[in-house]
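So the structure is just underneath, and the comments pick up after that.
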Amino acid sequence: MQGLIMDMPLMISAAIRHAATFHGDTEVVARTIEGDLHRYTYAEAHARMQQLANALIRLGMKPGDRVGSLAWNTHRHFEMFYGVSGTGAVLHTINPRLFADQLVYIINHAEDRLLFVDAATLPVVEAIAPRLTTIEHYVMMCEPARMPAKTSLPKLLCYDELLAAEAPHYDWPEFDERSASTLCYTSGTTGNPKGVLYSHRSALLVALQIAPMASIGVPNGAGVTMMPMAPMFHGNAWQFPYVAPMLGAKLVLPGRNYEPDKLYELLEGERVTLTCGVPTFWLILTEWLQRSGKKFSTLRISLSSGSAPPRSLVETMERDFGVQLMQAWGMTEALGGSAATMKPGAADLPFDQRIDQRLKSGRALFGNRYRIVDDEGKELPHDGVAFGHFRVKAPWVSSAYFKGEGGSALDEQGWLKTGDLATISPDGYIALTDRSKDVIKSGGEWISSIELENVASGHPAVLQAAAIGIAHPKWQERPLLVVTKREGASLTEKELLDYMRGKVASWWLPDAVEFIDQMPLTGTGKLWKLKLRERFKDYQLKA
């Protein structure tokens with residue numbers, strides 16, 4: 001016997017329709033690529049999204065067709081999340097930080113028919129356009145007055161002119177909620193990037209899981225303002241473009257300029273209460289805040305994922321700036337991988353114990369199933385001690401890669417192979433011990449690069465630290481610590497190793513420390529250890 005409940009598909013378009021109907025006067029504020037601020041309301045955004053949908057149909061886009069965007073966090077890019085997906089077409093958000101060959105590969109692999117660019121990405125696209133085989137039209141995301149005077153791109157259309165030619169009315173269709181909505185390729189991996197294809201159903205389910213966190217620390221009835229520092233090409237900006245309209249929250253978009261003073265101007269000036277992004281943003285921003293003497297008046301929560309934040313960063317943000325850095329586990333293939341919240345009652349713990357909990361990668365989130373297995377695939381206990389290969393299942397986790405290329409995403413039992421090593425505690429806390437490709441195996445025993453980095457980053461002179469394995473004639477591998485120093489700081493290898501001594505097992509201590517000016521980062525702002533391993537592949541450690 002089935003329940004007598006209306007059968008209505010989960011449609012992304014429902015989120016913006018809700019915002020326009022019940023929160024139509026709530027602001028969306030976005031920094032343009034040129035640097036000025038654009039303000040409009042959800043009602044006005046909804047009208048433009050409907051114009052975009054009509055324009056795409058006039059250009060021949062059909063359900064399932066891929067529409068590429070090589071763009072930053074602007075109001076026009078926000079409009080594409082609804083104007084494209086709402087018609088049944090697929091928005092392919094492309095990371096402009098990738099190398100030219102990778103961009104060419106993923107645009108051709110996705111078979112994008114249209115490619116939307118902004119003033120920051122136009123030169124990138126001009127350089128690769130002759131190698132793109134499926135693009136029918138390029139669209140410049142700007143108003144007519146800001147169209148380039150000269151460009152090598154053929155058939156370059158103006159975004160605002162396209163919209164102006166269309167009526168601001170479009171009946172959002174209903175279709176199978178499992179239809180593809182957005183396409184995002186992984187970055188920072190070996191080989192070609194792999195395509196992860198989200199659905200309308202998965203996007204809204206994850207948004208509904210994230211939504212309760214948006215109001216944490218905000219009194220009932222107070223305004224919620226959300227600003228994704230995570231780019232829109234990085235896991236849909238962690239679902240903020242969907243969550244904010246669902247809640248009727250004010251949405252702030254930082255554009256392209258991620259300089260600390262520009263981020264602070266928006267965070268403070270627009271009274272942001274919740275943001276999100278990888279720890280790298282906060283390492284840079286907190287250093288600037290300390291030098292400038294600035295504080296926050298409204299920001300309370302920043303969601304963190306992608307890489308483990310140093311303990312010193314989590315402590316500094318809460319103690320000095322009143323911002324809780326709440327860490328969750330997730331990846332392109334598994335948005336909404338864990339809950340960033342702590343176990344009820346944890347707020348009463350002493351400061352150091354609260355930090356201990358928040359350094360874990362979140363805890364079990366309803367809807368996900370988790371397991372850890374050893375190298376032979378045998379399941380290990382959730383006792384907080386045993387660690388193994390982390391696996392996950394959920395209604396919003398990827399089942400395969402686009403077109404089946406890039407190998408299987410799942411193991412033999414149908415669990416997502418995350419590439420992480422982790423422990424799981426009896427009460428659901430997930431603690432990553434390493435990426436399987438980053439773990440350092442010395443004399444048959446594993447050394448956690450994450451733990452070494454966390455301890456090293458506690459030194460006041462260290463801005464960023466990365467531990468990598470270097471071949472050793474006796475122990476197979478030994479750790480090399482690569483460090484960037486804070487501006488104006490002085491630090492020697494001996495001083496740093498003396499600081500770390502006693503904080504980790506003696507045999508874990510790095511065999512050497514190398515200081516570099518700047519860490520290599522992936523296109524999503526995470527430490528790119530692949531590049532570090534390439535740089536130091538011939539490094540000689542003493543026997």
Return yes if a side-chain donor-acceptor contact under 3.5 Å exists between [X] and [Y], otherwise no.
X	Y	answer
His389	Asp375	yes
Gln327	Ser305	no
Glu333	Tyr401	yes
His46	Tyr82	no
Asp25	Thr41	no
Gln239	Asn236	yes
Asp118	Thr121	yes
Glu79	Tyr159	yes
His200	Ser85	no

Any idea which heavy atoms bring [X] and [Y] closest together, and the distance?
X	Y	answer
Val196	Thr332	CG1-O, 3.6 Å
Pro309	Leu325	CB-CD2, 3.7 Å
Pro168	Gln51	CA-CG, 3.6 Å

Working for side-chain contact (heavy atoms from CB on, under 4.5 Å), residues Met227 and Leu263: CA-CA 10 Å; Met227 184 177 109; Leu263 290 177; 4.0 Å; yes
Test side-chain contact (heavy atoms from CB on, under 4.5 Å) applied to Phe116 and Met80, step by step: CA-CA 9 Å; Phe116 286 66; Met80 292 186 69; 3.5 Å; yes
Tyr370 ring center near His382 ring center (under 6.0 Å):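 For Tyr370 and His382, the ring centres are not under 6.0 Å apart.
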Proximity of Tyr198 and Trp396 rings by center, below 6.0 Å: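 That pair fails the under 6.0 Å test.
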Salt bridge (charged side-chain N to carboxylate O under 4.0 Å, His left out) partners of Arg76, counting only residues at least two apart: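 If we apply the salt bridge (charged side-chain N to carboxylate O under 4.0 Å, His left out) test to Arg76, skipping adjacent residues, the hits are Glu143, Asp160.
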Flag if over 12 foreign heavy atoms under 6.0 Å of CG, Asp171: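 For Asp171, atom CG is not crowded (no more than 12 foreign heavy atoms under 6.0 Å).
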Neighbour count above 12 (heavy atom, 6.0 Å) for Phe366 CZ: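 No.
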Any side-chain heavy-atom pair of Val29 and Leu251 under 4.5 Å: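 Of all side-chain heavy-atom pairs linking Leu251 with Val29, none is under 4.5 Å.
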Residues that Asp411 engages under side-chain contact (heavy atoms from CB on, under 4.5 Å), provided they are two or more places apart: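 Result, side-chain contact (heavy atoms from CB on, under 4.5 Å) vs Asp411: Arg391, Gln413, Trp415, Lys417.
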